[in-house]
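Shown next, in structure tokens, is the structure this report addresses.
None of these values were measured; they are calculated from a predicted model. Just so it is clear: chains get the letters A, B, ... in the order the sequence lines come, proteins before strands, and each one is counted from 1.
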Protein chains: 2
Amino acid sequence: MNQTNNPKKMFLEIVKQLRQLIADENVSVGGKLPSERELAERLQVGRSTIREALRSLELLGLIETRRGEGTFLSDYRKHRLVELLSTFILQESKSKEDVHITRQALEKDAIHTICNTERLYRLHIWEAFKEKLIKEEIVREDIIREIIIISDNRLGLKIWFLLKQFAGEPYRENMNLQEKSLWIQLLTSLQKGEEHQVFSLYYEWLLLINRGDV
Amino acid sequence: MNQTNNPKKMFLEIVKQLRQLIADENVSVGGKLPSERELAERLQVGRSTIREALRSLELLGLIETRRGEGTFLSDYRKHRLVELLSTFILQESKSKEDVHITRQALEKDAIHTICNTERLYRLHIWEAFKEKLIKEEIVREDIIREIIIISDNRLGLKIWFLLKQFAGEPYRENMNLQEKSLWIQLLTSLQKGEEHQVFSLYYEWLLLINRGDV
DNA sequence: TATTTATGAGTGGTCAGACCACTTTGTAAT
DNA sequence: ATTACAAAGTGGTCTGACCACTCATAAATA
């Protein structure tokens with residue numbers, strides 16, 4: 001008969017009302033929500049229904065609960081978009097190559113961004129890694145992460161971080177002399193904003209670390 | 001004392017176990033999950049705990065429940081992540097900008113890939129849209145999606161699709177003459193593999209559609 | 001026999017009450 | 001004034017009980 005055979009899903013209604021309540025009472029980030037028992041009474045539903053709604057929001061990372069204390073509105077910047085994305089969507093396209101490509105897309109974009117807009121910060125990269133690079137112990141991850149951080153795309157950083165984990169990349173290996181040399185050149189060019197040269201070196205690096213696999 | 005004072009969150013554990021169960025028993029899209037009462041017994045927890053986990057997944061749109069019938073695994077493409085998070089999160093402009101940037105990174109990477117490797121398929125793009133573009137009704141989304149599809153990065157496509165929804169972009173608007181003209185040029189260049197020219201036009205297009213905002 | 005109707009088992013939806021574990025706070029003993 | 005203890009408040013979980021609904025089966029009917 002009707003397209004949605006469930007005209008009412010109480011717990012969904014509660015989710016909506018909770019949002020309303022948060023807005024109305026101006027609950028700020030970190031602020032405390034009414035207790036489950038109080039909410040049950042105020043919204044005229046059973047406590048279990050309230051809990052179903054709260055647990056849903058908790059899975060999304062929108063609220064935080066602490067036993068014995070209460071329920072708190074969490075920083076919405078801590079949402080789990082990416083995590084949930086990876087959990088439920090990334091599984092389908094297990095293709096390792098897709099992960100590679102996507103991750104590299106983010107890396108390249110960060111490089112592009114830095115070369116074209118962030119003159120001030122380009123210095124930081126080189127300064128931050130100069131000594132470590134020349135001396136010894138440093139892993140690729142630290143450099144690349146820093147590059148993406150400086151490009152100031154937090155969402156991209158999150159996704160990149162996940163993809164890195166997911167692919168089980170050899171990102172934590174120590175670099176040999178050849179690779180270090182390459183990175184020194186790359187960072188030098190990056191500092192100068194020589195985009196073309198940076199990408200040239202980046203691709204050279206990709207060939208170097210993928211000398212066997214993929 | 002400890003940073004995470006909640007070592008166990010049963011309902012989160014159940015969410016995990018449900019995923020495992022779905023994988024183990026090879027429940028396919030549209031397939032039926034065990035009843036709540038059976039799950040409670042099998043996983044050795046109360047029915048209310050099972051329900052909290054199921055309701056969380058339902059809010060995400062990952063499962064579908066029908067009273068009197070049961071619980072079913074729903075098409076993952078129907079998930080609600082985007083709507084939900086956008087209502088809570090997207091108020092912050094920086095997030096929105098991050099979404100823009102990340103999405104564009106994927107688009108640019110697809111263009112790059114096509115220009116450099118997919119000689120054979122470049123023809124398809126032009127052929128596929130030639131008539132529609134010149135004639136009339138076509139939305140941006142169709143073209144860009146096709147480009148990413150041809151670049152053959154399925155993961156990138158999924159993420160792009162999500163970000164597009166998330167940002168509520170004007171992707172479904174019809175294009176005016178100026179925009180169409182731009183795309184015709186762009187696709188022509190793309191077909192020839194003239195990367196530099198394609199990017200030039202791409203950036204021109206970005207300026208065009210963002211002529212007011214961002 | 002074929003069709004309709006009634007029944008009951010199974011399922012999700014909701015509620016109420018009971019504990020438990022934990023935190024905070026206030027009070028009483030020192 | 002400090003410490004120790006008790007009580008209240010909170011989330012976490014379980015149990016049992018209904019309700020509303022769907023579906024398969026059996027019974028009654030044509």
Quiz prompt | d(CZ, Phe72(B); C1', dT22(D)) in whole Å | solution = 10 Å
Quiz item: Within the pair Thr49(A) and dG13(C), is there a side-chain N or O less than 4.0 Å away from OP1 or OP2?
Solution: no
Exercise. Give the nucleotide from the list dT23(C), dC18(D), dT14(C) with an atom nearest to the side chain of Arg37(B).
Key: dC18(D)
Quiz item: Mapping Gln44(A) and Arg47(A) onto DNA chain C by nearest heavy atom, which one lands closer to the 5' end?
Solution: Gln44(A)
Exercise. Using whole Å, report how far CD of Glu38(B) lies from C1' of dA9(C).
Key: 15 Å
Quiz prompt | Whole-Å gap separating C1' (dG12(D)) and CD1 (Ile14(B)) | solution = 13 Å
Exercise. Describe the nucleic acid contact of Gly68(A) in one word from base, sugar-phosphate, nothing, applying a heavy-atom distance below 4.0 Å.
Key: base
Quiz item: Without hydrogens or angle criteria, can the side chains of Gln104(B) and Tyr202(B) be said to hold a donor-acceptor pair below 3.5 Å?
Solution: no
Self-check item: Length of the CD-P vector between Glu36(A) and dC22(C), whole Å
Solution: 17 Å
Quiz item: Please give, in whole Å, the distance from dG12(C) P to Glu52(A) CD?
Solution: 12 Å
Exercise. Identify whether any heavy atom of Ser35(B) sits under 4.0 Å from a base atom; if not, whether one sits that close to sugar-phosphate; answer base, sugar-phosphate or nothing.
Key: sugar-phosphate
Quiz item: When you check the gap from the basic side-chain N to the acidic O, do Arg55(B) and Glu36(B) get nearer than 4.0 Å?
Solution: yes
Quiz item: Rounded to the nearest Å, what distance is computed from the CE atom of residue Met10(A) to the C1' atom of nucleotide dG12(C)?
Solution: 15 Å
Quiz prompt | Length of the CZ-C1' vector between Arg66(B) and dG12(C), whole Å | solution = 12 Å
Exercise. Nearest whole angstrom, please: distance from the C1' of dG13(C) to the CD of Glu69(B).
Key: 14 Å
Quiz item: Does a nitrogen or oxygen in the side chain of Thr65(B) sit under 4.0 Å from OP1 or OP2 of dG13(C)?
Solution: yes
Exercise. Using only side-chain N and O atoms of Arg51(B), determine if any of them is under 4.0 Å from OP1 or OP2 of dG13(C).
Key: yes
Quiz prompt | Side-chain (Ser28(B)) to main-chain (Gly31(B)) donor-acceptor, under 3.5 angstrom | solution = no
Quiz item: Does Leu62(A) offer a backbone N or O that forms a donor-acceptor pair with the side chain of Ser74(A) under 3.5 Å?
Solution: yes
Exercise. State which of dG12(D), dT14(C), dC23(D) makes the closest approach to the side chain of Lys9(B).
Key: dG12(D)
Quiz item: Has Thr71(A) got a side-chain N or O lying under 4.0 Å from the OP1 or OP2 atom of dG11(D)?
Solution: yes
Practice problem: Please state whether the phosphate of dG13(C), meaning OP1 or OP2, lies under 4.0 angstrom from any side-chain nitrogen or oxygen of Arg55(B). | Solution: yes
Quiz item: Is the closest side-chain donor-acceptor distance between Ser151(B) and Asp109(B) under 3.5 Å?
Solution: no
